[in-house]
Undergrad: 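Here you go, one structure.
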Amino acid sequence: MESVFALVDCENFYVSCERVFDPSLRERPVAVLSNNDGCVIARSEEVKAAGVPMGAPVFKWREELDAMDAAVLSSNYTLYGDMSRRVHALVEEEALALEHYSIDEAFLTLPDLSRPHLQQVADRLRRKILRRVGVPIRVGIGPTKTLAKVADENAKARKRAGWGPGTYVCPDEPEREELLSRVPVGDIWGIGSAYEETLHEKGVVSAAGFRALPDPWIRSEMTVVGLRTAWELRGRSCLDLELVRPDRKTMIRSRSFGGRVESKAGLREALAKHAQRAAEKLREEGRVARGIKTFITTKRFGDPPYYSNGLAASLSTHTARAAPFVKASRRLLEPIYRDRYRYKKAGVMLYDIRPARPHQESLFGRRRCRDERLMDAVDQINRRYGARSVGLAAAGLPGADGPLGRSWSMTRQRRSPRYTTRWDELPVATA
DNA sequence: TCTGGGGTCCTAGGACCC
DNA sequence: TCTGGGGTCCTAGGACCC
């Protein structure tokens with residue numbers, strides 16, 4: 001059966017989740033912040049209209065946000081993750097097949113019906129999610145993923161202009177050409193700021209202009225990735241649904257510091273925390289890793305001089321135990337650490353990851369069993385009594401001031417309750 | 001004072017091998 | 001005066017995404 005692609009995109013997802021459970025937010029502008037409460041990563045329409053960009057540092061926009069009486073919230077990923085699961089489950093009921101593309105987006109395939117018919121399907125889906133989850137979605141439909149994205153963008157633009165409910169089906173040629181001539185080239189999925197600049201220099205400003213470029217030029221300037229995008233815009237599908245998520249190849253755990261860290265001891269503690277968390281995550285996923293890279297950086301804005309460095313190593317065996325990674329992170333810090341820099345961020349990356357095959361870790365069978373039981377116990381205690389109730393001393397003691405002191409601590413001061421995943425944080429209805 | 005965190009893919013170039 | 005022609009593997013860097 002012929003099929004078409006649809007993209008379901010939750011509108012201002014994090015803001016919408018917050019508004020489901022706190023109706024007072026529905027009448028107010030809302031911004032949701034990144035970890036550390038540093039940047040704005042989700043904005044209600046009012047906040048967008050005021051010009052606050054995605055990723056904007058909140059301190060720079062404090063006045064604007066205050067002036068419009070915006071609610072400024074810390075992010076609550078537990079809540080968003082659970083809401084995302086609900087949306088995906090309902091969308092799946094309507095789909096031939098579904099790809100969980102991101103926390104707030106899903107690609108799906110639908111039967112290739114007439115355009116008015118597809119429009120009905122999209123509108124029905126939107127009503128259903130709104131009624132049963134409370135989150136408004138947009139739906140864009142087209143013959144390829146990239147054109148479904150274009151349709152979704154168009155649905156957004158039309159809705160802002162007061163023309164539609166937030167659903168749109170990509171038309172056939174020649175109307176499609178007319179639509180693409182109005183899409184700025186930088187708005188195409190797969191064209192970021194660097195390629196946008198290259199294309200502008202060539203005098204190409206619209207999606208229609210881009211897809212008309214000769215293949216060899218696109219291939220040489222933008223690799224096969226760019227070429228696929230052009231073909232998709234011409235209606236030839238090159239990107240399939242990814243029905244099973246491929247196993248991850250790397251895992252990064254990193255954080256910016258609340259303040260600045262200069263001492264080696266401070267960095268050591270931070271890296272140990274990250275290594276420990278990464279190993280914990282590995283165990284959660286039933287995987288083991290062998291490669292580890294540590295990196296430290298002073299950040300890029302102001303505050304010179306800039307320094308950034310990293311170093312990688314391979315352990316003697318695949319593992320998911322914390323201690324080898326913590327030890328390695330300490331060793332790898334030595335050659336890259338430089339005195340007198342004010343470090344802003346540190347992290348570890350694990351690579352060479354594969355599924356754990358039970359009882360194959362190393363020759364030291366007895367030792368391994370003991371360590372495995374220890375890690376099981378650690379995970380159980382942390383699940384029961386809260387994250388990081390126990391851990392390695394190298395990663396600092398909970399609540400104690402290690403070398404990192406307060407500069408480490410992550411601020412998340414305005415997080416809303418985890419309404420849907422914690423019994424003690426359920427919303428209360430009063431009659 | 002204050003600027004997120006986590007991923008993927010592709011290419012070029014070097015090391016090494018036969 | 002002259003520098004093979006393939007391969008593979010690895011890494012760094014650049015591009016993109018949400």
Undergrad: Reckon A:Lys149 has a side-chain N or O less than 4.0 Å from the OP1 or OP2 of C:dC18?
TA: yes
Undergrad: For A:Ile188, report the nucleic acid contact type (base, sugar-phosphate, nothing); a contact means any heavy atom under 4.0 Å.
TA: sugar-phosphate
Undergrad: Rounding to a whole Å, what distance do you find between A:Met54:CE and B:dG5:P?
TA: 13 Å
Undergrad: Only Watson-Crick and G-U wobble pairs, only distances under 3.5 Å, only runs of 3 or more: what stems does that leave for DNA chain C?
TA: B:5-18 with C:5-18
Undergrad: Under 6.0 Å between the ring centres of A:Phe5 and A:Trp189?
TA: no
Undergrad: Does any donor atom in the side chain of A:Asp82 or A:Thr420 lie under 3.5 Å from an acceptor atom in the other side chain?
TA: yes
Undergrad: Take the protein atom CE of A:Met349 and the nucleotide atom P of B:dG5, then report the distance between them rounded to whole Å.
TA: 17 Å
Undergrad: Which nucleotide in the set B:dG4, C:dC16, C:dC18 lies at the smallest distance from any side-chain heavy atom of A:Ala194?
TA: C:dC16
Undergrad: Which part of the nucleic acid does A:Ile191 contact within heavy-atom distance under 4.0 Å: base, sugar-phosphate only, or nothing?
TA: sugar-phosphate
Undergrad: Please state the P separation for the pair C:dC18 and B:dT3 - nearest whole angstrom.
TA: 24 Å
Undergrad: Rounded to whole angstrom, note down the P distance from B:dG14 over to C:dG4.
TA: 16 Å
Undergrad: If we ignore angles and hydrogens, is there a donor and acceptor under 3.5 Å between the side chains of A:Glu221 and A:Thr198?
TA: no
Undergrad: Using a heavy-atom cut-off of 4.0 Å across all strands, would you classify A:Lys345 as base, sugar-phosphate, or nothing?
TA: sugar-phosphate
Undergrad: When the distance from NE2 of A:His88 to C1' of C:dC18 is rounded to whole Å, what number comes out?
TA: 12 Å
Undergrad: Would you say the side-chain atoms of A:Tyr341 and A:Asp339 include a donor-acceptor pair closer than 3.5 Å?
TA: no
Undergrad: Figure out the CZ/C1' separation between A:Arg260 and B:dC2, and round it to whole Å.
TA: 9 Å
Undergrad: If you measure only the distance, is there a donor-acceptor pair under 3.5 Å linking the side chains of A:Ser3 and A:Asp112?
TA: no
Undergrad: Could you tell me the separation between the CZ atom of A:Arg255 and the C1' atom of B:dT3, rounded to a whole number of Å?
TA: 15 Å
Undergrad: Could you tell me whether the side chain of A:Thr144 and the main chain of A:Ser237 form a donor-acceptor pair under 3.5 Å?
TA: no
Undergrad: Using modelled atom types and a 3.5 Å cut-off, is there a donor and acceptor pairing between side-chain atoms of A:Arg126 and backbone atoms of A:Pro165?
TA: yes
Undergrad: Without decimals, in angstroms, what is the distance between A:His274 NE2 and B:dG6 C1'?
TA: 13 Å
Undergrad: Can you pull every protein N or O that's under 3.5 Å from an N or O on nucleotides 8-15 of chain B?
TA:
residue: B:dT8; atom: OP1; partner: A:Lys249; partner atom: N; Å: 3.1
residue: B:dT8; atom: OP2; partner: A:Thr250; partner atom: OG1; Å: 3.0
residue: B:dC9; atom: OP2; partner: A:Lys249; partner atom: NZ; Å: 3.2
residue: B:dC10; atom: OP1; partner: A:Arg228; partner atom: NH2; Å: 3.1
residue: B:dT11; atom: OP1; partner: A:Arg219; partner atom: NH2; Å: 2.5

Undergrad: With heavy atoms under 4.0 Å as the rule, sort A:Lys293 into base, sugar-phosphate or nothing.
TA: nothing
Undergrad: Would you please say whether a donor-acceptor pair under 3.5 Å links the side chains of A:Glu18 and A:Tyr80?
TA: yes
Undergrad: Output yes when at least one side-chain N/O atom of A:Ser102 is less than 4.0 Å from OP1 or OP2 of C:dC17, else no.
TA: no
Undergrad: Go nucleotide by nucleotide along DNA chain B from the 5' end; which of A:Ser254 and A:Cys39 gets its closest nucleotide reached first?
TA: A:Cys39
Undergrad: Can you establish whether the number of heavy atoms outside A:Glu63 located under 6.0 Å from its atom CD is more than 12?
TA: no
Undergrad: Counting only side-chain nitrogens and oxygens, does A:Lys344 get under 4.0 Å of the OP1 or OP2 atom of B:dT3?
TA: yes
Undergrad: Just call it for A:Arg253: base, sugar-phosphate, or nothing, with non-hydrogen atoms closer than 4.0 Å on any strand.
TA: sugar-phosphate
Undergrad: Looking at A:Tyr351, I'd like to know if the NZ or CZ of A:Lys249 sits under 6.0 Å from its six-membered ring centre while staying within 45 degrees of the ring's axis.
TA: no
Undergrad: Hey, could you give me each pair passing ring pair (Phe, Tyr, Trp, His ring centres under 6.0 Å) that has a residue in residues 200-236 of chain A? Not counting sequence neighbours.
TA: none
Undergrad: Roughly, in whole Å, what's the span from CG in A:Asp9 to C1' in C:dC17?
TA: 13 Å
Undergrad: So what does A:Ser314 touch, heavy atoms closer than 4.0 Å: a base, only the sugar-phosphate, or nothing?
TA: nothing
Undergrad: Write down the distance between CG (A:Leu33) and P (B:dG4), rounded to a whole number of angstrom.
TA: 12 Å
Undergrad: Of the nucleotides C:dC18, C:dC16, B:dC2, which one has an atom closest to the side chain of A:Ser193?
TA: C:dC16
Undergrad: Give the nucleotide from the list B:dG4, C:dC16, C:dC18 with an atom nearest to the side chain of A:Ile41.
TA: B:dG4
